[in-house]
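Down below is the structure, laid out as structure tokens.
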Amino acid sequence: MLNKLFIQNIATIESMTISFSPGLNVLTGETGAGKSIVVGGLELALGERSSPSIIRSHQKLAASEATFIPPFPHGIDHILSSELRLEYHNDEPLVLRREISSSGRNRCFINDQMVNVGDLKRIGELLVDLHGQHEHQSLFHTNAHRNALDSFSGPQNLMDEYKTIWNETARLRRRKKELDDEARDFQKRLDYINFQIEEIERINPQPGEIGELDQEEKKLAHAESLMRSASQAYALLYESISQEQIPVLTQLGEVKKLIDDITQVDQEFSQTAIHFDDARIMLEELAFSLRDYAEKSQSDPQRLNDVVTRIDAIKRLIRKHGGSEEEMFSSLESMKSERDRMNRDDAERKEIDGKLAQSESDLQRTGQKLSEARKKAAQRFKKAVVLLLRDMAMEKSEFEIKIENLPEPGSEGLDHVEFLIAANPGLPSAPLRKVASGGELSRVMLAIKSVLAEKDAIPTLVFDEIDAGISGEVCHRVASVMEDLAKSRQILCITHHPQIAARAKSHISVQKTIRKGSAFTDLVTLDGKERLEELARMMGGTDSKAALELARQMME
């Protein structure tokens with residue numbers, strides 16, 4: 001439950017700490033004193049929407065801190081410890097704090113560990129159920145009706161199963177649409193890709209081949225001049241071109257004889273002569289290589305034509321697929337991948353209708369189970385709400401729950417759920433938004449929340465003037481219902497009715513004062529005489545002995 005609330009620099013509140021008790025806590029005070037500011041401060045600590053406009057004048061930072069004491073609702077342990085990985089002990093207080101600066105920056109903390117506002121709100125929703133002055137207007141929205149019925153009936157496993165199937169059905173529908181859209185141009189695109197792949201594979205270029213072909217084409221184009229040059233070089237080295245010209249190697253044989261004559265006399269020169277022998281051997285090898293090269297360098301017009309044709313074919317592919325050899329091969333792999341994907345999609349297209357039909361059948365089957373659970377729960381829910389309405393002076397009202405099939409299954413099931421009421425006898429039941437007054441809506445909301453309080457685990461309920469629009473004997477009955485509800489839940493209620501305030505375990509007076517030209521909101525926990533005087537004021541004035549006596553009787 002909520003143990004303490006610290007508020008700083010919010011509207012007319014400068015700084016205050018409020019302590020709360022188990023059971024029914026009421027906040028009373030004159031209109032404009034700042035009662036709703038207290039609720040706004042609590043909302044800030046719980047992660048609700050806020051803005052810098054709430055910050056007190058001439059201040060740069062507003063803060064709110066809510067301290068809760070165990071036991072805590074189921075699910076908080078898992079979120080704090082496993083999901084958010086915060087240091088947390090379930091037998092110690094849990095502190096939610098939020099700061100908002102004039103620049104709009106938020107800082108949120110759980111037990112002094114920083115979190116984002118979304119996570120703060122997740123925890124806050126498990127700890128406190130807030131109902132503002134206009135919360136009863138949510139009863140105008142039929143989605144709220146279905147949510148209330150589901151909270152009461154509690155078919156959570158069934159609902160989870162339905163949503164799982166719904167999400168899968170929605171995925172299959174989206175995928176089918178994608179495949180159907182692609183199918184319009186599927187064959188045309190597949191034919192195009194196959195043509196491009198087959199064209200490349202038919203020519204079958206190899207990595208690095210274009211460079212090798214360019215070199216071969218150059219050699220073939222100059223084959224005659226290459227053969228002539230190699231033959232002449234060979235002849236100069238090894239054979240006589242004419243009788244006048246002696247081959248180089250023959251002349252080197254004469255040089256060899258002369259060197260031998262030298263080494264026979266000067267042995268030291270023999271080391272130098274070795275280099276001559278090495279050079280002569282190399283020239284002989286060069287001569288034979290030139291001879292072989294000349295024999296191979298035959299003119300081959302057919303081969304030259306084949307090489308030029310292949311170069312043109314490969315270069316055409318390169319121009320068509322990216323401008324470089326690397327990009328051409330990359331394009332080939334991309335097209336093969338796309339073809340494989342398209343073939344898989346085609347196979348999936350043939351299967352998806354069956355999968356979708358099965359999923360839609362499962363959805364309908366599970367939706368029917370959910371509908372049956374709702375219809376059974378609706379009778380119990382209606383009975384419980386009607387009993388409470390009668391306790392709150394709506395004995396002649398009729399409360400109905402209409403469940404109709406939706407034209408198509410929705411994300412929440414097959415049903416349209418709507419609460420109907422006949423506020424007066426003899427009139428047909430009609431939607432709440434058409435026939436219920438503000439006071440009646442407040443009582444319907446309180447009845448629904450009272451019924452749901454037995455089902456949910458939220459320990460604290462906050463009602464901000466939910467009792468608006470009622471008076472007299474109705475107030476006594478509403479107070480009795482609220483008092484019963486407070487036996488199992490902590491309730492914070494802002495009220496203008498002494499009948500409700502008198503039932504409170506803790507009574508807090510909200511007072512506004514002017515100090516040094518500025519408005520300040522102060523809170524005072526009332527007891528004894530002060531509380532009697534506040535109840536009397538709420539009935540018409542503290543100077544009236546009759547009012548004080550009536551207040552005393554209310555509290556007995």
Side-chain angles (χ1 to χ4, degrees), residues 125 129-132 134-170 360-390 392 394 397-424 427-458 461 463 466 481 485:
E125 288 176 342
D129 196 357
L130 284 160
H131 308 286
H134 307 290
E135 180 70 17
H136 62 267
Q137 293 180 8
S138 67
L139 290 178
F140 289 164
H141 304 291
T142 55
N143 281 345
H145 302 179
R146 185 195 60 244
N147 292 339
L149 180 59
D150 284 348
S151 296
F152 176 80
S153 60
Q156 192 58 49
N157 292 339
L158 203 54
M159 193 68 202
D160 290 344
E161 181 184 356
Y162 180 87
K163 285 187 175 181
T164 299
I165 300 172
W166 166 264
N167 290 334
E168 176 62 10
T169 303
E360 288 176 338
S361 175
D362 293 342
L363 188 71
Q364 191 71 29
R365 173 179 50 78
T366 307
Q368 289 291 351
K369 290 181 181 178
L370 186 59
S371 295
E372 291 169 7
R374 284 172 173 163
K375 288 172 183 176
K376 290 178 181 178
Q379 296 304 313
R380 303 194 309 274
F381 188 74
K382 168 190 169 182
K383 183 177 180 180
V385 170
V386 166
L387 287 174
L388 286 172
L389 290 177
R390 288 175 179 171
M392 292 186 287
M394 292 181 69
S397 297
E398 291 295 332
F399 178 78
E400 301 288 344
I401 302 175
K402 182 173 70 173
I403 300 178
E404 296 180 326
N405 288 336
L406 292 169
E408 295 290 336
S411 60
E412 302 294 332
L414 311 180
D415 309 309
H416 172 78
V417 178
E418 187 169 14
F419 295 162
L420 308 176
I421 193 168
N424 297 297
L427 296 177
S429 297
L432 290 173
R433 65 182 181 277
K434 293 183 178 180
V435 297
S437 67
E440 289 166 341
L441 279 175
S442 295
R443 281 175 280 174
V444 172
M445 172 62 81
L446 181 56
I448 290 172
K449 291 301 176 183
S450 296
V451 171
L452 294 180
E454 300 175 3
K455 299 291 183 180
D456 64 38
I458 299 176
L461 303 178
F463 295 112
I466 195 175
V481 170
L485 181 58

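Keep in mind that the numbers below use all heavy atoms, side chains included, and drop hydrogens, waters and symmetry copies.
- Nearest approach of L485 to S450, heavy atoms of both residues: CD2-OG, 3.7 Å.
- Among all heavy-atom pairs drawn from I458 and D129, the shortest one is CG2-N, 3.6 Å.
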Side-chain donor-acceptor pairs under 3.5 Å in residues 401-413, sequence neighbours left out?
none

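- Taking all atoms of both residues into account, the shortest heavy-atom contact from I448 to A148 is CG2-CB, 4.3 Å.
- Expressed to the nearest 0.5 Å, how far CZ of R374 lies from CG of D150 amounts to 4.0 Å.
- Rounding to the nearest 0.5 Å gives a distance of 6.0 Å between CD1 of I421 and CG of L389.
- Expressed to the nearest 0.5 Å, how far OG of S151 lies from CG of N147 amounts to 6.5 Å.
- Annotation: side chain of Q368 is in contact with side chain of Q364 (closest heavy-atom distance under 4.5 Å).
- A pairwise comparison of heavy atoms in T366 and I165 identifies OG1-CD1, 3.3 Å as the closest pair.
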**OP:** Output, in order, the C-alpha distance, side-chain angles, deciding distance and verdict of side-chain contact (heavy atoms from CB on, under 4.5 Å) for M445 and R443.
**Re:** CA-CA 5 Å; M445 172 62 81; R443 281 175 280 174; over 6 Å; no
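- When all heavy atoms of S153 and A377 are compared, the closest pair comes out as CB-CB, 3.1 Å.
- With rounding to the nearest 0.5 Å, the separation of CZ in F419 from CZ in F381 is 4.5 Å.
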Original post:
Stepwise, does the side-chain contact (heavy atoms from CB on, under 4.5 Å) test hold for T164 with W166?
Top reply: CA-CA 5 Å; T164 299; W166 166 264; over 6 Å; no
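- Interatomic distance, T169 OG1 to Y162 OH, rounded to the nearest 0.5 Å: 8.0 Å.
- Between T142 and H145 the shortest side-chain heavy-atom distance falls below 4.5 Å.
- Nearest heavy atom pair, residue L414 against residue S371, reads CB-OG, 4.0 Å.
- Considering CG of L149 and CD of E418, their distance stands at 13.0 Å, rounded to 0.5 Å.
- Taking the charged nitrogens against the carboxylate oxygens, D415 and R146 have no contact shorter than 4.0 Å, which rules out a salt bridge.
- A salt bridge does not link D160 to K163: none of the charged side-chain nitrogens sits closer than 4.0 Å to a carboxylate oxygen.
- Partners of N157 according to the side-chain hydrogen bond (donor to acceptor under 3.5 Å, both in side chains) rule, which considers only residues two or more places apart in sequence or in another chain, do not exist here.
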